[in-house]
Amino acid sequence: MRLAIDSGKLLYTLGILFAAAALLYFVRDVVFDLSITVKAALLLLGFVALFVAGVALERDVLDVVAFALSGVTYVVFAGYVVVRYSPGETGTFLLLAASAGLFVGLGYALRAGIPTPSRRTATVALGGLLVVSGVLVGADALSGGVTYDVQTNESVTVSVPEPETPDRYPYIEAEIGAVTASNPSPFLRALDLPSLSGCLVGPTDHPQDSVYVDTDIQWDEDTIGASTTKSYAVTAELPIDPNRTEPKTYAIERDIDCSAERPEPTIAIQVGESDRLD
């Protein structure tokens, strides 16, 4: 039995799959440095543009390919809005219901016979969508991205707790500074705090010199609203000998190497680019 495979349709299918993969990569917020709002708008405009192209095309199955790409773009748009805007259960239901109504309506209109626009009309419409997209991208670029300011205290003093297990080195969590994130633009943007690490330099009574440094940001907080400033406390888990009876003070310095020498116990803080994994 020989399988009849239409090579043209096979290539069209592969093109649609690659387009879907490209859209999914686009919404991962690791390329182009666009705001969440503008990315969502571009996806919606892309859906409209591909649908218009599908209506205008009358050659072979290119109209079907354009409609398929349009549908895939809308699915990615809807998923992106749900994930990034977190509209809640009611909002998600309304979006899905409206999307169902939209596609049923478009399908009915196509079956009923939408007047095919002329090539000139379709070109003007697509050009208008392209202009709107360019304006959005330009406004996004000019409005500026999220800025981060890391401030650390000059020192921190920790008290000796009652040890639960003798001869163990307990860790005391202490606030050593703050990270401030500012979004000056009128668009929702991704929140990506800089990575922080630390170590102990100078005289220390602990056999390990690494220090765990973190912020009090919520685990699912990954966006910052338009024209918004947020501040997050920076904390460090500091080791302290349970045999001590007096509080201990650590000096805090930024951007020094862990091999640096200091006459007093010092927390060396290193600030990286971001915690997000590409």
Side-chain angles (χ1 to χ4, degrees), residues 9 12-29 31-32 34-137 139-140 185-190 220-226:
K9 292 181 179 180
Y12 285 151
T13 302
L14 289 175
I16 294 171
L17 292 176
F18 277 112
L23 289 171
L24 291 175
Y25 193 81
F26 174 72
V27 298
R28 289 184 61 226
D29 296 324
V31 292
F32 302 122
L34 295 173
S35 67
I36 294 171
T37 304
V38 170
K39 279 195 173 184
L42 291 178
L43 289 171
L44 187 59
L45 291 172
F47 155 72
V48 175
L50 289 167
F51 185 83
V52 170
V55 173
L57 289 172
E58 296 181 345
R59 180 180 178 183
D60 196 21
V61 292
L62 286 178
D63 56 341
V64 176
V65 173
F67 288 138
L69 290 174
S70 177
V72 169
T73 303
Y74 187 89
V75 169
V76 174
F77 158 76
Y80 187 65
V81 168
V82 170
V83 171
R84 296 308 254 156
Y85 281 91
S86 301
E89 295 179 355
T90 301
T92 301
F93 168 77
L94 292 176
L95 175 62
L96 294 176
S99 301
L102 171 65
F103 279 94
V104 170
L106 292 175
Y108 176 80
L110 286 176
R111 298 280 294 180
I114 296 179
T116 302
S118 64
R119 180 172 299 181
R120 177 183 176 83
T121 302
T123 302
V124 170
L126 294 176
L129 293 172
L130 184 61
V131 170
V132 173
S133 300
V135 170
L136 287 173
V137 172
D140 196 1
S185 77
F187 306 115
L188 180 73
R189 288 189 176 275
D220 58 347
E221 187 177 358
D222 57 0
T223 61
I224 182 170

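Closest of all the heavy-atom pairs between Ala66 and Ala53 is CB-C, 4.3 Å. Nearest heavy-atom pair, Lys39 versus Phe26, reported as atom, atom and distance to 0.1 Å: NZ-O, 2.6 Å. For the residue pair Gly54 and Asp63, the shortest heavy atom distance occurs at O-CB, 3.3 Å. Nearest heavy atom pair, residue Leu42 against residue Val137, reads CD1-CG2, 4.0 Å. When all heavy atoms of Leu69 and Ala19 are compared, the closest pair comes out as CD2-CB, 3.4 Å. Heavy atoms only, all atoms of each residue included: Pro87 and Thr92 are closest at CG-OG1, 3.6 Å.
A heavy-atom distance below 4.5 Å is found between the side chains of Ile36 and Thr223. Under the 4.5 Å side-chain criterion, counting only non-hydrogen atoms from C-beta, Phe51 is in contact with Leu110.
In this structure, Leu102 CG and Leu95 CG are separated by 10.5 Å, a value rounded to the nearest 0.5 Å. The CG atom of Leu57 sits 8.5 Å away from atom CZ of Phe67, with the distance rounded to the nearest 0.5 Å.
Remark: Leu45 engages Leu129, Val132, Ser133, Leu136 in a side chain to side chain contact (heavy atoms under 4.5 Å, CB included) (not counting sequence neighbours). By the side chain to side chain contact (heavy atoms under 4.5 Å, CB included) test, Ser185 pairs with Ser143, Asn183, Phe187, Arg189, sequence neighbours left out. Scored by the side chain to side chain donor-acceptor pair (under 3.5 Å) test, Ser35 finds Asp140 as partners (sequence neighbours excluded). Residues that satisfy the side chain to side chain donor-acceptor pair (under 3.5 Å) test with Ser70, not counting sequence neighbours, are absent from this structure.
Listed by first and then second residue, the side-chain hydrogen bond (donor to acceptor under 3.5 Å, both in side chains) pairs involving residues 118-130 are Ser118-Thr121 (not counting sequence neighbours). Applying the ring-ring contact (aromatic ring centres under 6.0 Å, His included) definition to pairs two or more places apart or across chains, those involving residues 90-131 are Phe47-Phe103, Tyr74-Phe103.
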Val76/Leu43 under side-chain contact (heavy atoms from CB on, under 4.5 Å): CA gap, chis, key distance, verdict: CA-CA 8 Å; Val76 174; Leu43 289 171; 4.2 Å; yes
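Panel note: side chain Thr37, backbone Leu188; a donor-acceptor pair is recorded below 3.5 Å.
When each of Val75, Val81, Thr73 is checked for a side-chain contact (heavy atoms from CB on, under 4.5 Å) with Phe77, only Val81 meets the rule.
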